Amino acid sequence: MQTLSRIIKLTVSGNKTLLISTYIATFISGIALLLQPYLIGLVIDQVVESLNRGESVHVNQILQSTSLIFITGLIRGIAVYCQSYLSEKLAQKLAYTMRNKFYDHVQHMDFKFHDEFHTGNLMSRAITDVEAMRMFVIGAMIRGPYFILLFSVVSIILLYNDLLLGIIAMSFMPVIGIMSSYTRLKLSSIWKIVQEQLAHLSVILQENLTGMKVVKSFNAQQHEVKKFDLESFYISKSMIRATKIQTRNSSALEFLYILSTGLVVVIGAYKIIEGDLTAGQLAQFVFYLGVLAIPVRWIGMLVNNIARTVSAGTRLFDVLDKKSEVQELKSPIILKKPQGEITFKNVTFGYTETKQAIKNISFKIEPGETVAFLGSPGSGKSTIAQLIPRFYEIKEGQIQIDGLDIKSLSLKSLRNNIGIVRQSPTLFPVSISENIAYQDIDSNQSEIEKAAKIAQIHNYIKTLPNAYQTIVNEDGSNLSGGQKQRIMIARTILHNPAILLLDDSTSSVDATTEENIINAMKKVMENRTSIIITHRLNTIKNADRLIIFHEGEIAEEGTHNKLIKSNGLYKEIYNLQMIADEKNKDIIESLQ
Ligand SMILES: Nc1ncnc2c1ncn2[C@@H]1O[C@H](COP(=O)(O)OP(=O)(O)OP(=O)(O)O)[C@@H](O)[C@H]1O
Ligand SMILES: [Mg+2]
């Protein structure tokens with residue numbers, strides 16, 4: 001109920017006039033609908049009575065009486081048009097608000113949220129569940145009260161017109177109502193299964209299409225086709241089952257309706273003969289019976305509509321009510337152009353409650369200093385890089401920029417001053433130019449090219465037929481891993497942040513290109529604080545200091561010379577790489 005009342009409040013807020021207008025149009029269309037059987041009955045009686053009296057009936061007379069029927073028909077047509085238009089407008093307004101609220105909310109959530117909710121899941125909430133809300137406005141919210149009113153008024157008219165016939169007719173209604181509600185609920189459980197099957201099918205489809213190249217490389221097409229075929233078959237089966245139940249129900253309803261009408265006509269005819277009822281009154285009765293069937297048939301639909309909306313609304317509000325753990329202060333400090341001092345004070349952090357990714361980490365990086373992070377996979381290097389822009393919230397310890405707790409800073413200003421090249425490059429399916437200028441859309445072409453030159457990617461881009469206007473494929477497949485990394489570096493260079501975080505950003509480029517990037521970056525890194533996370537020792541040649549991580553803790557820190565002398569973990573890593581390099585040299589020499 002709480003979910004429904006929230007949806008209703010959201011629909012009503014700011015749309016009171018629209019809602020009232022929709023109800024007025026619906027009300028007018030209802031009155032016009034109710035007038036028609038009454039007017040038809042009058043015309044019939046007029047004709048029958050005249051004939052009974054042995055008078056002739058003039059066409060003009062009939063035309064006069066029937067013109068009212070046409071007028072009410074016209075009014076009803078216009079009212080129905082207005083009602084459909086206005087209710088759709090109202091429903092679209094809610095859908096628009098919900099979609100945007102949802103999208104906006106997701107944009108501002110922390111990384112923990114995105115770890116928890118999968119993309120496909122969020123997409124289905126933003127599209128399917130919002131659509132369910134739209135249907136709720138048109139269905140239960142507008143038509144619900146209308147049908148209840150229509151049912152009540154027609155019931156009173158039927159019972160008032162003729163008590164016996166009214167009771168006979170009404171006695172069928174609970175049966176029809178229960179039958180259609182039962183069927184709807186049964187159908188709704190099938191729809192739920194179909195929805196799950198469809199979701200599963202779309203996951204198979206998405207995985208297959210994004211991994212099409214892998215599928216082909218492993219010659220797994222046959223297996224994939226079988227998997228899809230099976231799921232697709234289940235959907236058809238469920239759909240056929242649903243249609244069977246639906247048509248069975250509508251045939252039974254039709255039969256019951258005809259049965260009740262038949263009974264009413266037989267008893268009504270007897271009453272006419274007895275002189276207790278006129279032909280016009282019987283006709284009115286049969287027509288009203290037809291009107292009564294409309295809301296009764298809709299009961300099932302409304303029950304289904306409400307059930308679906310409650311589940312969709314719960315799913316949507318689940319996300320909308322999720323608060324990002326990363327919250328700004330009410331009046332945060334705007335970080336203008338920081339010196340770039342980074343301090344970690346006893347920081348402990350885990351992605352889950354049970355496992356800590358980094359433990360009691362403390363270090364200080366001076367403004368303008370270049371520090372390299374080294375350590376085995378999973379030792380917590382990327383985690384630290386993600387904590388500095390506050391993508392995740394820490395519960396223990398403090399992180400400071402220029403001595404200010406990052407929790408006291410505005411997120412926008414904090415992130416604006418940090419350039420991060422993440423470990424897995426993500427480009428958007430737009431032009432290379434737009435990808436480089438993603439954070440700085442106002443940059444001109446020469447600024448973009450300058451950044452690309454430093455990142456050692458300009459020459460390659462120039463060889464492409466559309467150069468900087470080349471559109472990156474959806475999965476970035478028209479660029480190599482190293483090219484993508486360099487475009488990401490160019491993006492960060494163009495943004496010109498005070499703090500630079502390079503997370504394994506040259507892992508996919510060859511040694512010579514890496515050397516060129518490092519040399520070109522020297523100038524870029526000169527006046528800014530930089531953290532270079534790497535597995536390769538030649539990347540850290542320019543680092544002022546090294547911090548070595550092991551299982552979420554700092555194992556050692558100092559300059560290259562100091563660490564070599566101390567014979568610790570760094571020395572071990574260094575020796576291993578030297579041996580590997582020597583081996584490589586031997587292999588290269590043996591090939592020559
Ligand atoms: N989003 C996440 N959710 C849960 N656990 C995570 C997440 N990201 C990282 N971890 C875990 O946290 C620990 C530290 O990971 P992190 O990515 O910081 O390591 P790393 O030093 O950068 O490793 P690599 O050198 O392989 O990049 C690992 O145990 C990892 O499995
Ligand atoms: Mg990493």
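First listed ligand is number 1; within each ligand, the first listed atom is number 1. For the numbers below, each heavy atom of this structure counts, side chains included, while hydrogens, waters and symmetry mates do not. Numbers here are sequence positions counted from 1. Quick caveat, the model's predicted, so the values are computed rather than measured.
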Practice prompt. Distance to 0.1 Å, residue and atom name: give those for the protein heavy atom nearest to atom 31 (O) of ligand 1.
Written response: K355 NZ, 4.8 Å
Worksheet item: Would you say P377 and ligand 1 have an N/O pair spaced under 3.5 Å apart?
Response: no
Worksheet item: Is it true that F391 lies under 4.0 Å from ligand 1, counting heavy atoms only?
Response: no
Discussion item. Measuring centre to centre across the rings, with the benzene-like ring taken for any Trp, is Y438 within less than 6.0 Å of H495?
Written reply: no
Item to complete: Using a distance threshold of 4.0 Å (strictly less than), state whether atom 10 (N) of ligand 1 has a protein heavy-atom neighbour.
Response: yes
Discussion item. Students should be able to answer this: which protein heavy-atom is nearest to atom 12 (O) of ligand 1, and at what distance?
Written reply: Y351 CE1, 3.4 Å
Worksheet entry | Residues that F111 engages under ring-ring contact (aromatic ring centres under 6.0 Å, His included), provided they are two or more places apart | F391, Y392
Worksheet, complete the sentence: From the list F363, F349, F549, ring-ring contact (aromatic ring centres under 6.0 Å, His included) partner of F344 resolves to F363
Item to complete: Mark whether atom 2 (C) of ligand 1 lies under 4.0 angstrom from at least one protein heavy atom.
Response: yes
Worksheet entry | Shortest protein heavy-atom distance from atom 23 (O) of ligand 1, along with the residue and atom involved | G378 N, 2.7 Å
Worksheet entry | Polar atom proximity, A357 to ligand 1 (N or O, under 3.5 Å) | no
Practice prompt. Starting from atom 16 (P) of ligand 1, locate the nearest protein heavy atom and write down its residue, its atom name and how far away it is, to 0.1 Å.
Written response: T383 OG1, 3.5 Å
Worksheet item: Which heavy atom of the protein is the closest neighbour of atom 27 (O) of ligand 1, given with residue, atom name and distance?
Response: Q423 NE2, 2.6 Å
